[in-house]
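Structure first, then comments.
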Amino acid sequence: MTDDNGTAFAGGNAGKAGRDVPAAWTSTGVPAAPATIDVDVWPEVARPPSGAKAAVAGKAAGLLFKGAVKRLPLRVEYPDGTVLGTGGPDAPVMMMVRPEAFEARIGDNGLIGLGESFMAGDWEASDLAAVLEVFAASVDTLIPMPLQKLRALYLPRTPRQERNAEQNTRSNISRHYDLSNDLFSNFLDATMSYSSALFPLGAGRLESVGWQELAGAQQAKIDRLLDKAGVGKGTRLLEIGTGWGELALRAAARGATVYSVTLSSEQQALAQERIAAAGYADRVTVALQDYRAVEGEYDAVVSVEMIEAVGYEYWPIYFQTIDRVLAPGGKVAIQAITMPHGRMLATRNAYTWVHKYIFPGGFLPSVRAIEGVTQQHTTLRVRERMGMGDHYAATLRLWEERFLERSREVGELGFDAVFQRMWLFYLCYSRAGFQSGYLDVQQIVLDRREAQL
């Protein structure tokens with residue numbers, strides 16, 4: 001197994017250096033950070049920033065961090081016995097293992113440093129998602145407003161090669177989706193659906209819904225989108241973003257003819273295999289193609305959590321493409337992760353930990369942005385939408401639990417402890433966003449109906 005630069009991932013979980021972690025925490029299955037991290041594989045995780053500038057920035061960041069967490073409902077425990085935060089005995093615990101390294105990282109790279117320091121083992125958590133939820137709920141007030149206005153001067157910018165121009169998009173997509181089909185199959189359900197499920201009312205409380213409900217809930221999410229797009233026998237359906245083929249399979253079973261596009265060769269291969277095994281190869285085409293290059297006319301367009309990979313400046317092209325290929329009377333149904341409009345505007349030029357390690361080139365829209373872009377650049381109009389953020393929090397919890405259960409199998413694929421801590425941070429970081437209400441996920445229906453007088 002290799003990373004996106006072709007470097008082999010080191011396997012195995014070495015022992016943890018620094019302060020010991022309570023046994024109750026390590027028993028949850030979180031891979032311990034190795035005593036030595038391969039600098040060639042993880043150059044900015046293996047070594048914290050050093051030098052006079054890093055020391056000054058680290059001290060300043062440490063003071064800001066301590067000032068912020070003093071008023072938050074959690075417990076931050078330091079090696080010298082200091083405990084910060086307003087949380088009681090049952091509050092989530094963030095335990096500092098190497099506080100100076102932690103401060104140097106956040107001083108140098110802000111929230112990118114928060115994630116890198118967890119990957120390195122500079123801090124641990126009794127409940128990672130709960131700790132991150134506290135931070136997500138306070139994201140607007142963690143840093144004093146005067147300093148927030150200055151962050152563009154010192155935080156990193158998006159590398160030019162990660163902008164989602166056509167020449168970059170294939171690389172950006174492959175860095176995530178071409179990691180390994182086996183990796184994804186270790187934490188996804190049998191439908192191989194990598195987006196929010198929609199749990200039925202009878203599934204019980206979302207906070208405790210079980211793994212056995214997930215596959216059915218994924219199919220329910222797909223069926224609702226297909227229903228809203230009017231997909232049935234004879235429908236010519238365009239799917240933007242194939243995933244591993246479940247939506248195309250269910251559309252074909254309805255009698256639709258499906259043209260599905262993806263930029264992931266790994267996804268294309270498995271989707272084609274699944275489609276052929278189900279006997280629908282004559283109804284479904286899975287093309288390795290940029291959405292901008294799609295031609296033809298379609299009665300319906302469906303796209304599930306793909307707009308997040310389009311990029312802020314390319315949203316008009318995305319919706320113009322849909323508008324161009326949609327037949328008269330056709331419908332569009334998309335599922336999109338969204339954020340509040342104000343936060344979207346404030347962060348549209350930010351380069352984050354998620355960009356650096358998980359989704360290069362990605363950016364989340366707001367509902368207002370989707371409505372505005374379609375009104376200004378297309379004949380499409382938003383007709384209906386449904387928020388289901390709590391369902392995504394439940395979906396992510398199930399993925400997280402499954403990923404931890406399969407830690408050994410993931411390691412045997414060649415993904416080392418640092419990678420596994422990175423992936424766990426990503427899943428928990430995402431779940432925290434939905435649990436705090438900072439993020440939502442919407443099913444949105446669009447068409448060209450004239451405005452009602």
Side-chain angles (χ1 to χ4, degrees), residues 24-31 92 125-133 176-177 179-225 243-250 253 266-267 270-271 273-274 277-278 304-305 335 337 358 386-413 415 419-436 439-441 443:
W25 292 12
T26 56
S27 66
T28 61
V30 179
S126 61
D127 182 336
L128 181 57
V131 168
L132 294 175
E133 183 180 354
H176 187 87
Y177 294 99
L179 282 169
S180 162
N181 285 338
D182 290 335
L183 167 67
F184 288 98
S185 68
N186 267 291
F187 70 93
L188 299 180
D189 65 88
T191 70
M192 288 295 287
S193 297
Y194 190 38
S195 51
S196 179
L198 180 60
F199 295 93
L201 292 175
R205 291 173 55 85
L206 290 173
E207 296 87 348
S208 57
V209 69
W211 179 262
Q212 66 275 10
E213 275 81 46
L214 183 55
Q218 290 289 9
Q219 292 175 334
K221 170 270 303 293
I222 291 170
D223 289 344
R224 186 180 190 277
L225 287 166
W244 285 276
E246 186 68 18
L247 187 144
L249 282 168
R250 296 188 73 77
E266 289 277 312
Q267 287 189 332
L270 184 53
E273 180 183 317
R274 296 179 70 209
V304 181
E305 293 180 28
Q335 184 163 305
I337 302 172
I358 306 296
M386 179 187 74
M388 44 191 268
D390 289 346
H391 292 257
Y392 218 150
T395 304
L396 284 156
R397 174 180 57 79
L398 293 172
W399 289 347
E400 174 193 333
E401 292 169 358
R402 189 76 160 187
F403 184 74
L404 289 173
E405 290 170 3
R406 297 295 182 89
S407 176
R408 183 182 300 278
E409 290 85 348
V410 171
E412 289 172 352
L413 292 172
F415 294 97
F419 178 94
Q420 292 191 44
R421 289 175 68 88
M422 175 191 79
W423 205 261
L424 177 64
F425 189 88
Y426 149 59
L427 294 174
C428 291
Y429 181 90
S430 301
R431 177 155 71 98
F434 291 103
Q435 288 181 169
S436 67
L439 300 179
D440 198 0
V441 61
Q443 287 195 348

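Values reported hereafter were calculated over all heavy atoms of this structure, with side chains retained and with hydrogens, waters and symmetry mates removed. Everything numeric in this text was worked out from a predicted model, so none of it was measured.
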Identify which one of Q218, K221, R274 satisfies the side-chain hydrogen bond (donor to acceptor under 3.5 Å, both in side chains) criterion when paired with E246.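 Exactly one candidate clears the test, R274.
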
Exactly one of R431, E305, Q435 should register a side-chain hydrogen bond (donor to acceptor under 3.5 Å, both in side chains) with Y392. Which one does?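 Testing each of R431, E305, Q435 against Y392, the sole residue satisfying side-chain hydrogen bond (donor to acceptor under 3.5 Å, both in side chains) is E305.
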
Is any side-chain heavy atom of [Y] closer than 4.5 Å to one of [X]?
X: Y429; Y: I358; result: no
X: L404; Y: E401; result: no
X: W211; Y: R402; result: yes
X: H391; Y: V441; result: no
X: L179; Y: W423; result: yes

Contact summary for [X] and [Y], nearest pair of heavy atoms:
X: S430; Y: L439; value: O-CD1, 4.3 Å
X: A130; Y: P92; value: CB-CB, 3.8 Å
X: A394; Y: V209; value: CB-CG1, 3.9 Å
X: V304; Y: S195; value: CG1-OG, 3.5 Å
X: L198; Y: R224; value: CD2-CD, 3.7 Å
X: V131; Y: A125; value: CG2-CB, 3.9 Å

What's the spacing between [X] [atom1] and [Y] [atom2] if we round to 0.5 Å?
X: L128; Y: R421; atom1: CG; atom2: CZ; answer: 8.5 Å
X: E412; Y: E409; atom1: CD; atom2: CD; answer: 6.0 Å
X: D223; Y: L247; atom1: CG; atom2: CG; answer: 9.0 Å
X: F415; Y: S180; atom1: CZ; atom2: OG; answer: 5.0 Å
X: L206; Y: M388; atom1: CG; atom2: CE; answer: 10.0 Å
X: S193; Y: I222; atom1: OG; atom2: CD1; answer: 4.0 Å

From CA spacing to verdict: side chain to side chain contact (heavy atoms under 4.5 Å, CB included), L132, F425: CA-CA 9 Å; L132 294 175; F425 189 88; 3.9 Å; yes

Run W399 and F403 through ring pair (Phe, Tyr, Trp, His ring centres under 6.0 Å) and show every step you take. CA-CA 6 Å; W399 289 347; F403 184 74; over 10 Å; no

Under the side chain to side chain donor-acceptor pair (under 3.5 Å) criterion, do S196 and Q335 qualify, and how do the steps go? CA-CA 9 Å; S196 179; Q335 184 163 305; 4.7 Å; no

Heavy-atom count around D390 CG within 6.0 Å, excluding the residue itself: above 12?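 At most 12 heavy atoms, drawn from other residues, nucleotides or ligands, come within 6.0 Å of this atom.
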
Under 3.5 Å donor-acceptor, E213 side chain and G210 backbone: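 Yes, E213 side chain to G210 backbone: donor-acceptor pair under 3.5 Å.
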
Angle between ring planes, Y194 versus F184, binned at 30° and 60°: parallel, tilted or perpendicular?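 Y194 and F184: perpendicular rings.
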
Looking only at side chains, do D189 and T191 share a donor and an acceptor under 3.5 Å apart?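 Yes - a donor-acceptor pair under 3.5 Å links their side chains.
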
